[in-house]
Amino acid sequence: MTITRHAPQHAPELRAAARHIGRRSFLTVTGAAAALAFAVNLPAAGTASAAELDARRIDDDPFTLGVASGDPRPGSVLLWTRLAPAPYQPDGGLPAERVTVHWELAHDERFSRIARRGTAFAHPEFHHTVHVQVSRLDADRVYYYRFRTGTWISETGRTRTAPEPTGAASSLTFAAVSCQAYADGYFTPYRHLAQDDVDVVLHLGDYLYEYAVNSVGGYRNYTDRTLPAHFNHETVTLEDYRLRYALFKSDPDLRAAHAAHPFVVTWDDHETENNYAGDTPENSVPPQEFLLRRAAAYRAYWENQPLRSPQQPTGPDMQLYRRLQWGRLAQFDVLDTRQYRSNQAYGDGSQIPGPEVDDPARTMTGATQERWLLDGWRSSKALWNVVPQQVTFSQRKFDLTAPSRVSMDAWDGYRASRRRVLDGAKTAGIENLMVLTGDVHVGYGFDIKDDFDDPDSATLGTEIVATSIASGRDGVDKPANWDAYMKANPHMRFYNGRRGYVTVALGEQQARADFKTVPYVTTPGAPVTTAASFVTEVGEPGLTQV
């Protein structure tokens with residue numbers, strides 16, 4: 001989402017480094033490593049240089065940011081935690097020493113039937129985060145997990161493995177969430193999601209926001225606490241991003257959702273900077289300087305998410321796109337539409353499209369990721385092919401007049417790229433395509449048309465747009481532009497402006513999407529209701545309200 005603000009004042013050390021690191025050298029292995037060492041301040045000897053802390057010396061609860069799991073596979077799951085007795089301090093309340101952490105995975109909440117256990121190091125170079133990939137597990141099973149260090153035991157998390165790729169899974173229920181601006185309100189939808197019966201949560205981006213958060217938490221308007229002043233500026237450095245994750249992850253509702261369900265995460269823009277495109281920043285700063293910022297943002301993202309080792313970044317680069325299977329029922333092709341995209345056309349924002357948006361040289365995904373997606377569809381044996389990604393895929397006209405403005409940041413600004421993706425789906429014979437989207441702080445339901453300007457053209461799939469968790473504050477059921485959008489876009493089947501999330505139940509005959517909303521987030525405790533429900537039948541793409 002585009003938000004007008006003042007240009008950030010970048011840290012002097014970033015500006016100094018940028019003068020010595022050129023774009024070409026930055027993208028070499030040596031250049032990226034040197035830049036990362038500067039941006040992250042890694043010691044020359046790496047993790048081996050850190051002494052070990054006696055965990056019995058930790059006097060306060062180090063599990064203040066909870067636990068999480070992610071990317072469930074048939075025989076394994078990724079477990080995450082971070083040690084931070086004082087999460088709002090830059091060092092988290094721990095010295096620059098590694099800490100031994102014990103973990104357990106069990107079949108039951110009482111941990112009477114242990115499936116696997118082991119130890120891991122929480123390294124100071126990774127801000128005392130822990131990523132444990134537990135393997136040799138049974139497929140399609142629920143497990144419970146926890147961590148221990150010294151005398152402290154974490155809360156218990158619940159996770160699960162996926163069915164075998166050839167398994168005949170008959171159902172899957174997932175939730176889609178996005179956009180959680182801390183300063184815009186409480187994360188109340190997560191409290192309800194934590195109690196919902198879903199197998200996995202797909203986070204579609206804007207987990208973090210880079211904007212300043214004042215002492216009262218913005219629209220949360222705290223009266224029982226005062227947030228430290230170092231949150232009241234835009235994130236630029238690695239320390240900034242790490243501290244901001246600590247602030248977000250200290251939210252009890254977000255913690256509850258992570259503990260209840262495994263997450264599959266992908267980013268959008270605000271995890272780094274609003275509306276950046278590849279190596280092009282929003283504001284007029286040198287690309288080298290921005291890539292240093294991107295290196296810091298990507299590193300903090302990996303540190304604070306339940307991601308596996310292939311996603312660990314190298315300098316300013318991180319391969320986040322990846323594929324997960326849920327038996328023969330579903331294939332998930334998780335996209336990254338930020339890191340590789342061409343710069344937005346016509347100066348970004350809402351514009352009348354011109355020739356540039358149809359330029360085949362411009363891309364939303366980059367050529368490598370696009371080939372990976374289309375190749376994956378050609379080899380897919382799944383009933384449902386689901387694409388979790390960030391920005392609105394379907395055409396979305398803003399005006400009833402012709403020509404109409406559209407978003408240059410969404411796929412409307414990259415029409416040639418979208419055309420290649422749709423043609424690839426047709427060539428691969430994908431019959432049950434579902435695109436999942438975040439970003440826009442409202443809920444939408446779209447029929448994906450072969451030709452969006454021809455309502456009678458074939459429907460190739462469905463797009464489910466998850467509204468925000470908090471971004472945009474309370475919202476309304478029918479925004480002021482509701483009538484115009486629904487008339488200008490006949491393939492738009494649903495539009496709601498409240499906060500919340502979506503649950504989707506995939507089955508062998510149909511998929512059902514329930515748009516769940518809360519009436520307010522600027523004060524805590526809102527109830528949840530289902531604003532609308534839709535189904536799409538196997539072999540008959542398109543949304544029907546039920």
Side-chain angles (χ1 to χ4, degrees), residues 1 171-182 184-207 219-221 251-261 263 388 392 434 436-447 462-483 485-486 489 492-507 510-536 542-546:
M1 297 293 290
S171 64
L172 161 67
T173 301
F174 62 82
V177 299
S178 71
C179 301
Q180 51 200 53
Y182 187 95
D184 275 8
Y186 291 87
F187 293 168
T188 308
Y190 275 131
R191 177 59 58 180
H192 297 291
L193 177 53
Q195 299 165 3
D196 225 329
D197 185 16
V198 301
D199 297 300
V200 65
V201 176
L202 303 172
H203 199 295
L204 305 173
D206 293 346
Y207 188 102
Y219 283 89
R220 294 185 177 214
N221 197 28
D251 181 274
D253 295 335
L254 176 56
R255 280 183 55 171
H258 271 301
H261 312 298
F263 273 53
T392 304
M434 180 178 290
L436 304 177
T437 300
D439 180 59
V440 286
H441 310 169
V442 297
Y444 292 131
F446 290 103
D447 292 346
T462 59
E463 180 177 9
I464 304 297
V465 180
T467 187
S468 61
I469 291 292
S471 305
R473 303 186 290 281
D474 295 338
V476 295
D477 287 319
K478 285 190 174 183
N481 55 16
W482 190 91
D483 283 324
Y485 278 27
M486 295 297 286
N489 303 283
M492 182 184 286
R493 304 303 187 194
F494 176 72
Y495 177 17
N496 182 278
R498 293 288 188 189
R499 311 285 72 81
Y501 59 98
V502 183
T503 60
V504 177
L506 296 182
Q510 67 176 23
R512 176 186 174 118
D514 292 306
F515 291 86
K516 301 186 177 184
T517 60
V518 297
Y520 51 85
V521 293
T522 50
T523 54
V528 67
T529 58
T530 300
S533 300
F534 293 83
V535 298
T536 179
L543 293 170
T544 301
Q545 189 164 6
V546 295

May I have the step-by-step check of side-chain contact (heavy atoms from CB on, under 4.5 Å) for D206 and D439, ending in yes or no?
-> CA-CA 7 Å; D206 293 346; D439 180 59; 4.3 Å; yes

With rounding to the nearest 0.5 Å, note down the distance linking CG in D184 to SG in C179.
-> 10.5 Å

Minimum-distance pair of heavy atoms, taken over all atoms of P189 and V518 | CG-CG2, 4.0 Å

Going by the angle between their ring planes, with limits at 30° and 60°, are F515 and F494 parallel, tilted or perpendicular?
-> tilted

Where do T392 and T437 come nearest, in terms of heavy atoms and distance?
-> N-CG2, 3.5 Å

Going by heavy atoms in the side chains, are V521 and D474 under 4.5 Å from each other?
-> yes

Taking atom types as modelled, is there a side-chain donor on D514 or S533 under 3.5 Å from an acceptor on the other?
-> yes

Side-chain donor/acceptor of H192 to backbone N/O of T529, under 3.5 Å = no

For the student: nearest non-hydrogen atoms of A176 and Y501, plus distance | O-CB, 3.5 Å

Show your working on side-chain contact (heavy atoms from CB on, under 4.5 Å) between N481 and Y495 and close with a plain yes or no.
-> CA-CA 10 Å; N481 55 16; Y495 177 17; 2.5 Å; yes

N/O donor-acceptor pair under 3.5 Å between R499 side chain and S471 backbone | yes

What are the two closest non-hydrogen atoms of A526 and T188, and how far apart are they?
-> O-CG2, 3.5 Å

Taking the six-membered ring for Trp, are F446 and Y444 parallel (under 30°), tilted (30 to 60°) or perpendicular (over 60°)?
-> tilted

Are the side chains of Y182 and R220 in touch, meaning some heavy atoms are under 4.5 Å apart?
-> yes

Reported NE2-to-NE2 distance for the pair H203 and H258, which is rounded to 0.5 angstrom | 7.0 Å

Nearest-0.5 Å distance, CZ of residue F534 to CD1 of residue I464 | 8.0 Å

Closest approach of P388 to L202 (non-hydrogen atoms, all atoms of both residues) | CG-CD1, 4.1 Å

Please tell me if the side chains of N496 and T467 come closer than 4.5 Å, counting only heavy atoms from C-beta onward.
-> no

Between R498 and P519, is there a donor-acceptor pair closer than 3.5 Å when you use the side chain of the first and the backbone of the second?
-> yes

Ignoring hydrogens and angles, tell me if any N or O in the side chain of D251 forms a donor-acceptor pair with the backbone of L254 under 3.5 Å.
-> yes

Counting N and O atoms only, with roles assigned by atom type, does the side chain of Q180 sit under 3.5 Å from a partner on the main chain of Y207, one being a donor and the other an acceptor?
-> yes

Side chain proximity check, L506 to F174, heavy atoms < 4.5 angstrom = yes

Hey, could you give me the CG/OG1 distance between D196 and T173, rounded to the nearest 0.5 Å?
-> 9.0 Å

If you round to the nearest 0.5 Å, how far is NE2 of H261 from CG of L193?
-> 4.5 Å

Over all atoms of both residues, closest heavy-atom pair of Y520 and P527 = OH-CD, 4.0 Å

How many angstroms lie between OG1 in T536 and CG in D447, if you round to the nearest 0.5 Å?
-> 8.0 Å

N/O donor-acceptor pair under 3.5 Å between S178 side chain and A466 backbone = yes

Any donor-acceptor pair under 3.5 Å from R473 side chain to G185 backbone | no

